[in-house]
Each structure stands twice: as C-alpha cells, then as structure tokens.
Amino acid sequence: MKRITLAWALTLCSFITFIACSSPDVGERSVSIIPAPAQMTVGEGTFTIHPGIEIGYADESLKGMGELLSNEIEKLSGIKLASASDKESNCIIFLELTDPKEFADLPKAYGLSPKDSVPVDESYSLSIQKRNIYIKATTLEGIYRGITTLKQIVGGNLQPGGEKIYLPLLEVKDAPRFAWRGLSFDVSRCFFDPEEVKQVIDMVALYKMNVLHMHLSDNQGWRIEIKKYPELTQIGSKRKETVIGHNSGTYDGKEYGGFYTQDQIRDVINYAAERHITIIPEIDMPGHQLAALATYPELGCTGGPYDVWGQWGVADDVICAGNEKSTQFLEDVLSEVIDLFPSEYIHVGGDECPKVRWEKCPKCQARIKAEGIKGDKKHSAEEYLQSYVISRMEKFVESKGRHIIGWDEILEGGLAPRATVMNWRDTSEGIKAARQHHDVIMAPNAFLYFDYIQGDRAQEPLAIGWGYNPTERVYVYEPVPEQLAPEHRPYIIGVEAPLWTEHIDTYRKAEYMLFPRLMALSEIAWSVPEVKDLKNFKEERLPVHLAWLDTTGIIYRVPEPIGMERDTLYGAEFTVSLKVPVEGGKIYYNFEGQPARETDYLYEKPFRIIVPEGQKRELKAITVAPSGKRSITATTIFIHQKSK
C-alpha cells in the first residue's frame, strides 16, 4: 500500500470534489489554522465544495502556481481542474498579485533584520466568499502560503463519506513575523534518502516554514558527492559499525552508509523551490571532520590513521589549521557546494572544535606565529586560530557572492560583519551577537532541540541523554530576548529547530520526534505574540491537525490526555476533567497502578476523586487516537496528608 505524506493527504482531503458556488448554512464550520494568522474574521454562511472548480489568475506569472495546484489535485483525486481566463468565471479560486500597500495595516512587529523593509514578501490575503475564493499576495511565495492556509481550512471541515464540503466564509490577512523559519535535519549521523527528505519538505511547507537546513557532514559520515574528491563518498560515507545506545561500548557489527549524488541534491533543491523552501547546506568545519580525515589522513594534524566514527560525540581529531592543503580542501568542497545550492547562505558549522591537536601540531603553531595570533584573558591562541580558519572561509564564501552562517562558537575571536550566528547554546550568545550587529537565528537547545525527549524518559524511544522539550515548551519560547534593547531586536531574524539524529535511525522515528513539535515551532516562527494562545493551540487547533496526521501513514507522538497533571497534587477531593488531544480519539484510565489500556475505564465526563486522610490514589490515563495509535501513560498522584 502506498504511503501518503500529510501534505498530499491534506491536498486530497482539501480538494476532492471541489468548489461549488453558494450553499446552505449547515452549522458551525471549523477554522483550525496553524500557524495562527495575523488577522482573521469569520462571517456567517458557508461556501460549498464539489466538482467543477476553475483556477483563474490575473497575471501570467501565476500560471505555474495554478498548474502546480491543479497537478497535485489530479494526482490525488483524479479531478482535472480547468483554467479560467478571468475572475468573472463562476466557482473559481482566483490567484492575484497585488500592491504591497494592501498589507500596510498589518502589525509592524515582525522582527526583520535592518536590511529588510516592509514584511510583504510572503504576505497574503485569503477571502472565502459565497461564490468565489480569492488568494492575493505580493509575490509567488505569498500566493503559496495562502494556498496552504486554504488546505488547512478545507481539511478541518471534512465530513466522513460526504460528497460536499462546507467552508466558513472568512477573511484572512497574514504575514510572517520572522524572515527565517527553519528546521535543521541531520542526515550525517543517520542517512535519510531523497524521498524521505521530500516528505519533510512537504511538512515544512504545509506549516509555512521556509528553510530546511541539511547537516551533510560529520564524524559519522560524509553525505554529499564532491566531484573533485570522489573518495569522500567511497570511503567517508561509510562507518564500519554503530554503537548501541549512549556510547555503551557495544556495537552492532553492521556497516552503515549512504550519500546524495549531485543530481539527487539538485532534484531535492528543485522540489523544495516549488514549495518555496530554501535548502541550506552545512559542511561542518574545522571540527566534526573525521569522515574527511578517514578519507584523506594528510588533512589532519597527526596524519592518522583515522576511522569514520561509529560512536557519538566530539572527536579530538580535526582539520589541521596550519596545513594549506587542508584549507584548499575546504575551499574546494565549498566551491562545489556553492555551485550546487542557490541559497544566499552557506553554513560552515564552527562548533565543538577541540584544540588539543592544534596545541601540539608544529604546522598549527607555525600558523599561529606567522599570523601574529596571540592569546589573552578571554581566549587562547588556539581558540583565536579557529576564528582565523572561519574568517578565511568567510572571505572565500563572500568572494562567491554568498554569506556564511555558523554556530555561536564563531563569535569567539571576532567575526566579520556579514556573518550570521546560529545560537544553539545559552541565549546569552544570541544576545551578544545581536549587540554586535550580527543577524541571529535562535536555535537554543533548551527549547528547540527536537532530539530531546517529549515525555517520561522510561516510556519514550531512546533519545539523547539529556534534555526535555515537549510541545508546550517549544510553543512558549519567545525568540526575541527581553534583555535586548529595541535597536538590537531586529537582528533576531528567525528561529530554527535542529533534529540531530544520533539516536534516530529510522525515518519513522524522525517523524515521531518532529510531530507535533513542528506545529508549535511554526507558530513561534510565523505568528506575532499577540495572536498566540497556548490553550487554543493545544486544545482546539492542534487536535484537528493531529486527526489529519492520524489518517496518513505518518508517525506522530500522540499527546497524553489534556488535563493530566505531571505533578503530585495534595488534598482530599478533586474533580478530574480531561480532554482528548486528537479529534475523534478516546481516553482510558485506571487506578490500579498499571499502565492504562483500552480495557480500563473510558473517560466520558468529569469525575470526582476522594482520597482518605493519610492515603494516596494514583490515576493513570492514555489517549488512543482513531487509528489506534496510543500515547504514553500519564500519571497523576493525589495525596491527602494527615493533619498535624
């Protein structure tokens, strides 16, 4: 059976038996948009969907967008949509490029960097009227964002077995808060094939993200073909075996590998571009380079031998900063990467680079002397040597008309003005960079690392050995630190959530770690704080979207019942009121001290718990989605302490 991605499933749900003209009012219609739009007004009445839609456009440049929409509908539903020549046709979706002034009344607090002006590049409006639907924007990107909003509205109003779909009449005017809305996908530690990457792109696009950052090289594998250095994929893409668990010392004894040809990279880039997603490549340097050193030992300080690592973590062996051949290698690699990827930015890593080899390497010490590099109270000479390496790479990338991004360690030792900092450690690093007038992308591990667990570690799949970032914690994160003065806040240009894959060895597990946290990420990246609402997101809109996911082959983390407290509660009497976090799902609970299951009590309405003095009661509950997918067991302990 063919597996359907959510983006395709939503298109199928959204456009089967498409648009009719007027329709009877059939009661309240659902509007469950993620991320929340800047402005929305819901009117009375409905618009009916059934076969017969035409797609019209006022500008020839929109023809491709209309064809893309038509092709997607035909692939999934078999419905061939007609093209309308003008907006006078009946029953159409009309696409139109409009004047930026139309969006002048949107909120101004979008946090764009100083080089940007009015946030109109992805602004759009969506108008669902009784006889027509209009999507207007200033750019093709905006038109596409409007289409994704329409998909979500339609998907939220499906009726099982129904031949018609009734949409609410509404007006939406929307624009992103941040210019950079990204997901970082580590394909180096564990490799994911191009079709799996495309499925991630579908989801990123559906939720109005606009960047997929691909981590293509690390100690555990080199994943991109470089024509000048073919051995990188012949040797560097393979590790002999992989450690089991958290560097247990026990290995699986199986060779592991995989890489993308340049043709595959081009195909993925084109696929993303059709969905208005930019692919940002990362070649990590000067650390995280064991896969390259195993291929070309002469690039390291000791000359090897080196192995592509089968364990996780940070290796002491890094690129030799004093070897001109090593520098030439990095420039050659970046040259081919730049030729492949049209993105404005190239990520050069720059994090977690131990200096122990440089401290003893004659070539590195000679480089320090030749460049007049000296240590001080802040940093050692070897730490400033890393800044030297990054600065050379930046000059090279700038000479090609691009700009670099690096993890926040690139701040150490000074940084050129055009470099962008990706803040992964304490947010103080992002604050420091913004105050130095660098554009900053916030990706703090304490809130946005998607390789961290989402619930009780004993019940969750194996993950990194620390960190707890449930969906709620992602959602409440505010990317612009309040410590920043107003003049520095525009330097926070966006947010990104990394999915590191040390312990994510299947694509199904990657999905589990992504969803539903990706939905929360999209809202902090797109929506202004004034329209964000955790309760509404968690209890009203997210359950609808999870119900969509539940009808696809996508794996997602089913949330625990809403209302289950993670903490111990004290008292004599309690009223337990729960809510299902997946629309159409059920809740089961028990007081037996065992994991909850379908044979337990079915939650139907709030109930009371009475705890005798000096005793405790333990409530355990699970969510079971319509598909049968289950949450982990949530536990709340109620204690009635004895009076003194």
Side-chain angles (χ1 to χ4, degrees), residues 28 30 32 156 158-161 453-461 468 470-473 475 508 511-512 515-517 519-520 534-642:
E28 184 178 354
S30 171
S32 298
L158 299 175
Q159 299 295 322
I453 61 169
Q454 304 173 70
D456 178 15
R457 188 174 296 278
Q459 300 184 69
E460 291 287 341
Y468 170 63
T471 300
E472 296 84 352
R473 183 169 175 82
Y475 188 89
R508 290 166 65 83
E511 289 178 337
Y512 180 90
F515 313 124
R517 290 188 287 194
M519 289 77 151
L534 177 59
K535 181 178 174 63
N536 175 267
F537 171 82
K538 181 179 177 180
E539 298 186 14
E540 303 299 332
R541 290 179 290 133
L542 186 58
V544 174
H545 288 250
L546 294 183
W548 295 344
L549 273 181
D550 201 57
T551 63
T552 72
I554 289 176
I555 302 300
Y556 67 99
R557 184 184 187 276
V558 179
E560 299 92 316
I562 297 170
M564 285 292 291
E565 302 287 345
R566 288 174 55 87
D567 299 324
T568 299
L569 303 179
Y570 295 91
E573 294 187 23
F574 305 87
T575 297
V576 177
S577 181
L578 305 179
K579 194 167 185 178
V580 182
V582 182
E583 191 173 73
K586 296 180 179 180
I587 296 171
Y588 296 92
Y589 65 95
N590 70 48
F591 297 99
E592 299 173 0
Q594 297 180 348
R597 52 203 177 278
E598 289 90 329
T599 54
D600 292 327
Y601 295 107
L602 171 65
Y603 178 82
E604 296 178 300
K605 61 182 180 180
F607 59 87
R608 292 177 65 206
I609 293 179
I610 299 176
V611 184
E613 186 176 18
Q615 296 185 24
K616 71 175 183 180
R617 298 195 71 183
E618 188 173 80
L619 172 65
K620 292 183 178 289
I622 59 167
T623 303
V624 178
S627 68
K629 296 183 180 73
R630 300 157 53 100
S631 72
I632 66 171
T633 296
T635 302
T636 301
I637 298 175
F638 304 90
I639 296 178
H640 186 183
Q641 293 179 324
K642 289 185 178 181

- Working for side chain to side chain donor-acceptor pair (under 3.5 Å), residues Glu460 and Tyr512: CA-CA 10 Å; Glu460 291 287 341; Tyr512 180 90; 2.8 Å; yes
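- When all heavy atoms are compared, the tightest approach of Lys538 to Pro543 is O-CD, 3.3 Å.
- Annotation: side chain of Arg630 is in contact with side chain of Glu598 (closest heavy-atom distance under 4.5 Å).
- Evaluation of the side chain to side chain contact (heavy atoms under 4.5 Å, CB included) rule for Tyr570 yields Thr568, Ile639, Gln641 as partners, not counting sequence neighbours.
- We find the OG1-CD distance between Thr635 and Gln459 to be 6.5 Å, quoted to the nearest 0.5 Å.
- Of all the heavy atoms in Gly553 and Glu511, the pair that sits closest is O-OE1, 4.3 Å.
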- Message: Using side chain to side chain contact (heavy atoms under 4.5 Å, CB included), reason through Val580 and Tyr603 one step at a time and then give a plain yes or no.
- Response: CA-CA 9 Å; Val580 182; Tyr603 178 82; 5.9 Å; no
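- Taken to the nearest 0.5 Å, the CD atom of Glu583 stands 14.0 Å off from the CZ atom of Arg541.
- By the 4.5 Å heavy-atom criterion applied to side chains, Phe591 and Ile609 are counted as neighbours.
- In this structure, Arg617 CZ and Ile637 CD1 are separated by 13.0 Å, a value rounded to the nearest 0.5 Å.
- Here CD1 of Ile562 is found 7.5 Å from CD1 of Ile587. Values are rounded to the nearest 0.5 Å.
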- Task: Take Ile632 and Arg557 through the side chain to side chain contact (heavy atoms under 4.5 Å, CB included) test and state the conclusion after the steps.
- Result: CA-CA 9 Å; Ile632 66 171; Arg557 184 184 187 276; 3.4 Å; yes
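- Heavy-atom contacts from other residues, nucleotides or ligands closer than 6.0 Å to NZ of Lys629 number more than 12.
- Taking the six-membered ring where tryptophan is involved, the planes of Trp548 and His545 are tilted, since the angle between them lies from 30° to 60°.
- Annotation: side chain of Tyr475 is not in contact with side chain of Pro470 (no heavy-atom distance under 4.5 Å).
- Looking at Pro516 and Leu542, their side chains come closer than 4.5 Å, going by heavy atoms from C-beta outward.
- Interatomic distance, CD1 of Ile554 versus CZ of Arg508, reported as 11.0 Å (0.5 Å rounding).
- For the pair Ser631 (side chain) and Thr623 (backbone), a donor-acceptor distance under 3.5 Å is present.
- For the atom pair CZ of Phe607 and CG of Leu619, the computed distance is 5.0 Å after rounding to the nearest 0.5 Å.
- Shown here is Tyr468, whose OH atom has more than 12 heavy atoms of other residues, nucleotides or ligands within 6.0 Å.
- The shortest distance between side-chain heavy atoms of Asn590 and Arg597 falls below 4.5 Å.
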- With side chain to side chain contact (heavy atoms under 4.5 Å, CB included) as the test, would you mind laying out the steps for Gln594 and Lys620 before giving the verdict? CA-CA 7 Å; Gln594 297 180 348; Lys620 292 183 178 289; 5.6 Å; no
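- The two residues Thr575 and Pro606 make their nearest non-hydrogen contact at CG2-CB, 4.3 Å.
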- Does the pair Val582 and Tyr556 meet the rule for a side chain to side chain contact (heavy atoms under 4.5 Å, CB included), with working shown? CA-CA 11 Å; Val582 182; Tyr556 67 99; 3.9 Å; yes
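- In terms of heavy-atom proximity, Pro559 sits nearest to Pro581 at O-CG, 3.3 Å.
- Considering only heavy atoms from C-beta on, Arg473 stays 4.5 Å or farther from Arg517 through its side chain.
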